[in-house]
Amino acid sequence: MARPQRGAGPGMAGPAAAEEPFSPSVLGTREHWDAAYDRELQTFQDIGDAGEVWFGEESMTRIIRWLEKQKVPLDSPVLDIGTGNGVLLIELAKSGYTNLTGIDYSPSAIQLSEKVREKEGMSSIKLKVEDFLAPSAELSGFQICIDKGTFDAISLNPDNAAAKRKQYVRSLCTVLKPEGFFLITSCNWTKEELLNEFREGFEVLEELPTPKFCFGGRIGNSVTALVFQRQKN
Ligand SMILES: C[S@@+](CC[C@H](N)C(=O)[O-])C[C@H]1O[C@@H](n2cnc3c(N)ncnc32)[C@H](O)[C@@H]1O
């Protein structure tokens, strides 16, 4: 997801502009993701390709390496928020994790992830259509929550993204156990901005290394990957 332009664009002037760091985009709407995963579902049926892995293969390796380094027990409950095609869950299962759940608000994404799960023979992975901004009561008790690009998408919602980001943090507090870990990968937010977004109830543990680019003699990252820990109640 390209980093959208910041600042006040047309229709963004006035007090609301201070609340919304990004211009709204179709990438923040369910219609967009439904259409995208309808297409990917068709491609999967035609040629067996699971489609785009956001932030590439290395983003999955980075997450799995961190879990392994921390010696997170293989049966810890793990939630992938906005799982898309569910490929991250497949990789986690291949690495030995046994208690995996993926949710996505797009029924087409869940249909695709079910097909990928079937092809890979990973029937124990749980998949469910759920809007993370209105999580069901059964979505709770996770030791690990992972987000790759979903907070980014929600931040681009044309309809009051600031309120949706706040709801995201509330939902996270509902589903993640106290002292549980939250691993987020983002291309829209810098480290400092993410620290601010998750300042209430979370403590940052680690920044995971991501590829660097050099522009005009300055070095930066186009992707930010952070690990937070939920504070004790
Ligand atoms: C950029 S894609 C990333 C997909 C996947 N995590 C990956 O890394 O390949 C964002 C995903 O978030 C999902 N999504 C956006 N808002 C959501 C919400 N409120 N609840 C659940 N899923 C959501 C979209 O349907 C889409 O699958």
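Ligands are counted one by one from 1 in listed order, and the atoms in each one are counted from 1 as well. Computation of the quantities below employed the complete heavy-atom set of this structure, encompassing side-chain atoms and omitting hydrogens, waters and symmetry-equivalent molecules.
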Any heavy atom of Ile154 under 4.0 Å from ligand 1? The part involved is side chain
Determine whether more than 12 heavy atoms belonging to other residues, nucleotides or ligands lie under 6.0 Å from atom NZ of Lys115.
no
Mind running salt bridge (Lys or Arg N to Asp or Glu O under 4.0 Å) on Arg230 and Glu203 for me, showing each step along the way?
CA-CA 6 Å; Arg230 202 190 141 191; Glu203 179 186 349; over 6 Å; no
Within reach of ligand 1, part of Glu130 (heavy-atom separation under 4.0 Å)
backbone
Using a strict cut-off of 4.0 Å, indicate which atoms of ligand 1 neighbour a heavy atom of Thr83.
5 (C)
Considering only heavy atoms, does Phe132 approach ligand 1 within less than 4.0 Å through its side chain, its backbone, both, or neither?
both
Test your reading of the structure: does Tyr37 have an N or O sitting under 3.5 Å from an N or O of ligand 1?
yes
Could you check, using the six-membered ring where one of them is a Trp, whether Trp189 and Phe198 have ring centers closer than 6.0 angstrom?
no
N or O contact, Trp33 vs ligand 1, cut-off under 3.5 Å:
no
Below 3.5 angstrom, do we get any N/O pair linking Asp80 and ligand 1?
no
Show every ring pair (Phe, Tyr, Trp, His ring centres under 6.0 Å) that has at least one partner inside residues 64-105, sequence neighbours left out.
Trp66-Phe181
At the 4.0 Å heavy-atom cut-off, does Asp104 count as touching ligand 1?
yes
Which of these, Tyr105, Phe55, Trp54, has its nearest heavy atom closest to atom 15 (C) of ligand 1?
Tyr105
May I ask you to check whether Gly82 has an N/O atom sitting below 3.5 Å from an N/O atom of ligand 1?
yes
Would you indicate whether the side-chain heavy atoms of Leu100 and Ser124 approach each other to under 4.5 Å?
no
With nothing but distance in play, are any N or O atoms of Asn85 less than 3.5 Å from an N or O of ligand 1?
no
Would you say CZ of Arg65 has more than 12 non-hydrogen atoms from neighbouring residues, nucleotides or ligands within 6.0 angstrom?
no
So the atoms of ligand 1 within less than 4.0 Å of a heavy atom of Asp131 turn out to be 18 (C), 19 (N), 20 (N)
Going by ring pair (Phe, Tyr, Trp, His ring centres under 6.0 Å), name the residues that satisfy it together with Phe142, two or more places apart in sequence or in a different chain.
none
Which of these, Leu74, Ile64, Thr98, sits in a side chain to side chain contact (heavy atoms under 4.5 Å, CB included) with Leu92?
Ile64
